[in-house]
Amino acid sequence: NAGVTQTPKFQVLKTGQSMTLQCAQDMNHNSMYWYRQDPGMGLRLIYYSASEGTTDKGEVPNGYNVSRLNKREFSLRLESAAPSQTSVYFCASSSPRTSGGSTDTQYFGPGTRLTVL
Amino acid sequence: DAKTTQPNSMESNEEEPVHLPCNHSTISGTDYIHWYRQLPSQGPEYVIHGLTSNVNNRMASLAIAEDRKSSTLILHRATLRDAAVYYCILTGANSKLTFGKGITLSVRP
């Protein structure tokens, strides 16, 4: 299994340009997530999808849109990139643990390093 | 979700045990304690989680105080590959992970 894959690995954009970050998982997980990580900080949740066909806002959704294309794929779109969106973006997926009651274990991709000039 | 407090950094020697502390004085009865770690230039990875009892797995042990207001992640023999940022995170059932800054562990050869 490849786990969680993300493309591209690196990207440089100019202010105002748009782009889509791609994420795919091959673990048959129901839930998928997009996070951003700024230098020296922890990860912050942008959007998540609890199951195919549903998406919900996280802590920092402004300036982003998402699409849960199917169970495997969850994309993040920047319609008009801004320098404040320079960050490392991580995608993750999860499925319920066999022991009930606790949050699912999340599996993370390698990240996309985005610079907006 | 309740907050956690971790030291900014810790150093250890290779092949020695490491104890990474986490304070969570406002933890509620249904909050789970999770630990993730993030190796340099990689995404986070799950380490261990627990509710009330101490837990062991192949990566580490989690010692939870009797009053649950603190916990300690124990790496039994640190290796250079264990140098990473370790995040202590509290979650209620089915709630989201909220990452703080974590503790940066350095391992000396």
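By convention in this document, chain letters (A, B, ...) are assigned in the order of the sequence lines, proteins followed by strands, and residues within each chain are numbered from 1.
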Does L21(A) belong to the same Ile/Leu/Val/Met/Phe/Trp/Tyr cluster as L45(A), with side-chain heavy atoms less than 4.5 Å apart forming each link?
no

V107(B) and V47(B): same hydrophobic cluster, using ILVMFWY side-chain contacts below 4.5 Å?
yes

Answer yes or no: does atom CG of N8(B) have more than 12 heavy-atom neighbours from other residues, nucleotides or ligands under 6.0 Å?
no

Worked check of side-chain contact (heavy atoms from CB on, under 4.5 Å) between Y33(A) and L97(B):
CA-CA 10 Å; Y33(A) 310 81; L97(B) 297 178; over 6 Å; no

With a 4.5 Å limit on heavy-atom distance, are the side chains of K96(B) and E59(A) in contact?
no

So for S41(B), is it side chain, backbone, both, or neither that comes closer than 4.5 Å to the heavy atoms of chain A?
both

Does M19(A) share a hydrophobic cluster with V116(A), counting links as ILVMFWY side-chain heavy atoms below 4.5 Å and allowing steps through other members?
yes

Turns out that what part of R113(A) lies under 4.5 Å from chain B's heavy atoms comes down to side chain

Flag yes if L80(B) and Y86(B) sit in one hydrophobic cluster, no otherwise; membership is Ile, Leu, Val, Met, Phe, Trp, Tyr, and two members link when side-chain heavy atoms are under 4.5 Å apart.
yes

Validation row: Q106(A), Y36(B) side chains within 4.5 angstrom (heavy atoms)
yes

Measure L43(A) against the heavy atoms of chain B and call it side chain, backbone, both or neither at under 4.5 Å.
both

For Q37(A) and Y87(B), the nearest pair of non-hydrogen atoms, with its separation, is NE2-OH, 3.3 Å

Check whether I89(B) and V85(B) end up in the same hydrophobic cluster, where Ile, Leu, Val, Met, Phe, Trp and Tyr are linked by side-chain heavy atoms less than 4.5 Å apart.
yes

Which answer fits F90(A), side chain, backbone, both or neither, if we ask what part of it has an atom under 4.5 Å from a heavy atom of chain B?
side chain

In Å and rounded to the nearest 0.5 Å, what is the OH to OH distance from Y107(A) to Y46(B)?
8.5 Å

